[in-house]
Amino acid sequence: MTVGALACRLDDRLREVPVDAAAFAAEVERLTDAVAASHSQPRELLDRLGAAVPALRIAGRLDEARHAASAAVSLAGLLDDPGAAYDNQLRLATVLHWQGQFALSTPLFDLLVSQARAVAELGDRLDEALHRAALNLLDEGKPGQAAHFLREALALREAKGDAAAIEATRRALAAPGDHAPGAERRA
């Protein structure tokens, strides 16, 4: 799997981690510099914020990732871009999940899954929303609900033929039940 141009792998907690930490750190700095250089161009800023959020999250810079995702959601609303608003809400929910803020992440994931089911233009994003919501549920200690979402995500991903996404979902389905509340979380 990749984030931007950099390779990532899943760790034992099913979280993305960089294959080359030094190269990843340099890319995160490049992305944050690009965000700072885009403030007078809203569309470019939105795109760069969206690219920076997962990199910041994976780098463990969760507060910065949350702020960037929130800014991207707001900017997408101002630019009247519902697809970008959805994508950045999904990024925000994932950051909140990684921060262990389940009181915020779980309802946001529920909303995103419902929106992807209900709005035709968002339907192609349902598998990712289900997968990420399931990982959140695993960490929240709700493996039954997570397995249901993962099975649905897997079926959608198999229909798409996305090999990397299929493998990530299969791995999550096969993961041991050590995703309980209070389990050590990566900061």
Side-chain angles (χ1 to χ4, degrees), residues 1-39 44-73 75 84 87-102 104-106 108-109 112 125 127-141 146 150 153-154 157 162-187:
M1 88 182 37
T2 61
V3 172
L6 298 174
C8 291
R9 64 176 177 77
L10 295 177
D11 68 8
D12 293 339
R13 300 259 312 134
L14 304 173
R15 306 267 175 108
E16 302 101 335
V17 293
V19 171
D20 180 339
F24 199 88
E27 179 66 5
V28 169
E29 290 308 313
R30 187 194 68 74
L31 288 168
T32 56
D33 290 347
V35 167
S38 303
H39 281 266
E44 186 176 308
L45 177 59
L46 176 59
D47 294 342
R48 289 182 176 179
L49 284 166
V53 171
L56 288 164
R57 174 178 49 82
I58 293 166
R61 294 164 59 173
L62 298 178
D63 288 338
E64 290 173 79
R66 187 183 72 241
H67 292 293
S70 296
V73 168
L75 187 53
D87 292 341
N88 285 294
Q89 287 174 341
L90 187 57
R91 291 179 184 115
L92 176 59
T94 302
V95 172
L96 293 168
H97 160 218
W98 279 36
Q99 289 182 316
Q101 295 187 37
F102 301 115
L104 298 173
S105 62
T106 300
L108 184 51
F109 278 122
L112 293 165
R125 295 164 166 95
D127 64 308
E128 185 67 16
L130 287 164
H131 181 90
R132 293 211 173 264
L135 297 179
N136 180 75
L137 289 166
L138 282 172
D139 282 349
E140 194 175 4
L150 287 168
L154 181 60
R157 288 175 165 190
D162 184 340
I166 291 167
E167 178 56 32
T169 302
R170 285 185 178 150
R171 182 164 175 201
L173 273 166
D178 61 354
H179 294 271
E184 184 176 321
R185 285 186 174 72
R186 190 177 77 156

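Being a predicted model, the structure only gives us computed values, none of them experimental. Just so you know, these numbers use all the heavy atoms, side chains as well, and skip hydrogens, waters and symmetry mates.
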Treating [X] as the side-chain partner and [Y] as the backbone partner, does any N or O pair qualify as donor plus acceptor under 3.5 Å?
{"X": "N88", "Y": "R91", "result": "no"}
{"X": "R171", "Y": "L10", "result": "yes"}
{"X": "R57", "Y": "L62", "result": "no"}
{"X": "T169", "Y": "I166", "result": "no"}

Do [X] and [Y] sit within salt-bridge range, that is, some charged N less than 4.0 Å from a carboxylate O?
{"X": "E167", "Y": "R9", "result": "no"}
{"X": "R15", "Y": "D139", "result": "yes"}
{"X": "D127", "Y": "R157", "result": "yes"}
{"X": "D63", "Y": "R66", "result": "yes"}

pair [X]-[Y]: side-chain heavy atoms closer than 4.5 Å:
{"X": "T94", "Y": "F109", "value": "yes"}
{"X": "C8", "Y": "I58", "value": "yes"}
{"X": "R13", "Y": "W98", "value": "no"}
{"X": "L150", "Y": "L130", "value": "no"}
{"X": "L56", "Y": "H67", "value": "no"}

[X] side, atom [atom1]; [Y] side, atom [atom2] - distance, nearest 0.5 Å:
{"X": "D47", "Y": "S38", "atom1": "CG", "atom2": "OG", "answer": "9.0 Å"}
{"X": "D87", "Y": "L92", "atom1": "CG", "atom2": "CG", "answer": "12.5 Å"}
{"X": "E44", "Y": "H39", "atom1": "CD", "atom2": "NE2", "answer": "11.0 Å"}
{"X": "L90", "Y": "H131", "atom1": "CG", "atom2": "NE2", "answer": "10.5 Å"}
{"X": "L96", "Y": "S70", "atom1": "CG", "atom2": "OG", "answer": "7.5 Å"}
{"X": "R48", "Y": "D33", "atom1": "CZ", "atom2": "CG", "answer": "10.0 Å"}

Please report the closest heavy-atom contact between [X] and [Y], naming both atoms and the distance.
{"X": "F24", "Y": "A55", "value": "CE2-O, 3.4 Å"}
{"X": "A93", "Y": "S105", "value": "O-CB, 3.6 Å"}
{"X": "L14", "Y": "A175", "value": "CD1-CB, 3.8 Å"}
{"X": "L46", "Y": "A72", "value": "CD1-O, 3.3 Å"}

Parallel, tilted or perpendicular: rings of H97 and F102 (30°, 60°):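 Judged by the thresholds at 30° and 60°, the geometry between F102 and H97 is tilted.
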